[in-house]
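Shown next, in structure tokens, is the structure this report addresses.
Just follow the structure's listing: the first ligand is 1, and inside any ligand the first atom is 1. Since the structure is predicted, the reported quantities are computational estimates derived from the model, not experimental observations.
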Amino acid sequence: MARTRIPLIAGNWKMNGLKADALALAQAVAAGVRQGGWKDREVLVCPPATLVMAVAEAVRGSGLLVGGEDCHAKANGAHTGDISAEMLKDAGASHVIVGHSERRSDHGETDAIVRAKAEGAWRAGLLPIVCIGETLAEREAGKTLAVLEAQLKGSVPAGSTAATLVVAYEPVWAIGTGKTPTTPEVAAAHAHIRKVLGELMADAAGVRLLYGGSVKGSNAAELLAVADVDGALVGGAALKADEFLAIAKAA
Ligand code: PGA
């Protein structure tokens with residue numbers, strides 16, 4: 001029996017937020033989550049590492065989940081400037097994004113690195129959100145599904161289960177651009193992702209597949225209604241509480 005896929009609405013704050021504004025944003029989102037009292041969806045915010053602890057403390061008891069935007073694969077050691085999954089867990093995180101396209105492009109993260117980070121998340125007891133997605137050139141060359149398949153096969157750790165993996169499909173060209181794929185394009189990508197996961201694990205039917213890339217309040221309902229879309233990974237719109245809560249309500 002497939003595990004029920006509880007929709008997950010995740011906000012990725014990226015490199016945005018100083019303490020005062022970030023805490024106000026987190027508290028406003030937490031208030032909306034508390035008011036929603038939702039049992040049928042999960043809402044997560046992923047602030048910059050400097051704010052994870054303060055945000056986690058500020059929203060404790062509200063039902064709003066807190067995650068990291070990235071982690072190192074190792075638990076500790078001589079890795080100046082890096083943050084381990086254990087440190088995020090210690091700060092109050094329950095989730096961590098790994099392999100975001102900005103990490104892949106800004107920091108040269110390969111599928112193997114992303115996979116090691118996901119394993120690091122497991123070691124610390126965090127749920128990794130593994131990001132994949134094609135560039136515009138890859139889409140225009142008709143390579144989208146092949147790229148997604150290769151990224152999944154390289155980035156998803158062996159031994160993944162529906163309880164230990166979330167995948168986010170984020171077309172690189174849709175991130176921060178206001179552009180989104182058509183709903184049939186999203187459906188095709190998500191169906192292919194689930195099919196490939198089926199080759200990699202036993203309970204692929206239960207894995208949550210998030211769509212990310214220019215999700216906002218006004219298009220969330222349409223995107224979240226697509227088959228095999230089990231939530232959203234939200235960047236820009238996650239920086240405004242009302243906009244982010246509108247997406248959560250649409251789930
Ligand atoms: P966006 O970013 O919602 O601003 O397009 C999404 C993401 O990068 O996760």
Side-chain angles (χ1 to χ4, degrees), residues 7-17 21-22 25-26 29 42-49 51-52 55 64-71 88 93 95-109 114 117-118 121 126-136 138-139 144 147-148 151-152 155 165-183 185-186 189-190 193 208-224 226 229-251:
L8 172 63
I9 304 300
N12 170 15
W13 291 5
K14 310 193 179 186
M15 196 171 73
N16 295 293
D21 288 345
L25 170 61
V29 173
E42 292 174 349
V43 186
L44 168 73
V45 290
C46 299
L51 292 166
V52 169
V55 167
L64 177 61
L65 303 165
V66 180
E69 298 180 6
D70 173 53
C71 65
L88 291 171
H95 295 59
V96 63
I97 300 166
V98 293
H100 190 280
S101 70
E102 288 150 17
R103 299 291 316 174
R104 290 177 185 261
S105 64
D106 292 1
H107 299 273
E109 291 189 4
V114 175
K117 289 181 174 208
L126 299 183
L127 180 55
I129 300 172
V130 176
C131 301
I132 57 171
E134 84 285 0
T135 63
L136 186 58
E138 289 163 344
R139 175 163 284 272
T144 297
V147 167
L148 298 180
Q151 288 180 331
L152 282 172
S155 307
L165 177 73
V166 175
V167 173
Y169 167 54
E170 298 202 303
V172 177
W173 53 273
I175 295 175
T177 59
K179 293 184 191 144
T180 57
T182 63
T183 51
E185 286 169 343
V186 174
H190 279 235
I193 290 167
R208 287 174 294 174
L209 308 183
L210 314 185
Y211 168 77
S214 296
V215 178
K216 50 192 181 195
S218 56
N219 64 13
E222 188 185 9
L223 289 163
L224 290 165
V226 175
V229 173
D230 308 307
L233 182 53
V234 184
L239 297 173
K240 293 186 203 117
D242 51 355
E243 190 74 15
F244 186 59
L245 287 166
I247 298 167
K249 281 187 189 122

Contact between ligand 1 and [X] is defined here as a heavy atom of the residue under 4.0 Å from a ligand atom; is it met?
X    : value
G176 : yes
A238 : no
K14  : yes
S214 : yes

Check the angle between the aromatic planes of H190 and Y211 and answer parallel, tilted or perpendicular using the 30° and 60° thresholds.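 It falls in the tilted class, 30° to 60°.
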
Near [X], which atoms of ligand 1 are under 4.0 Å from a heavy atom of that residue?
X    : result
E170 : 6 (C), 7 (C), 8 (O), 9 (O)
H100 : 7 (C), 8 (O), 9 (O)
G213 : 5 (O)
N12  : 9 (O)
G236 : 1 (P), 3 (O), 4 (O)

Of all the non-hydrogen atoms in the protein, which one sits nearest to atom 3 (O) of ligand 1, and at what distance?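 For atom 3 (O) of ligand 1, the nearest protein heavy atom is G235 N, 2.8 Å.
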
Strictly distance-based, threshold 3.5 Å: is any side-chain N or O of E69 a donor or acceptor partner for the main-chain N or O of K14?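 Confirmed, E69 side chain pairs with K14 backbone.
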
Check each heavy atom of A174 against ligand 1 and say whether those closer than 4.0 Å belong to the side chain, the backbone, both or neither.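 The part of A174 near ligand 1 is the backbone, not the side chain.
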
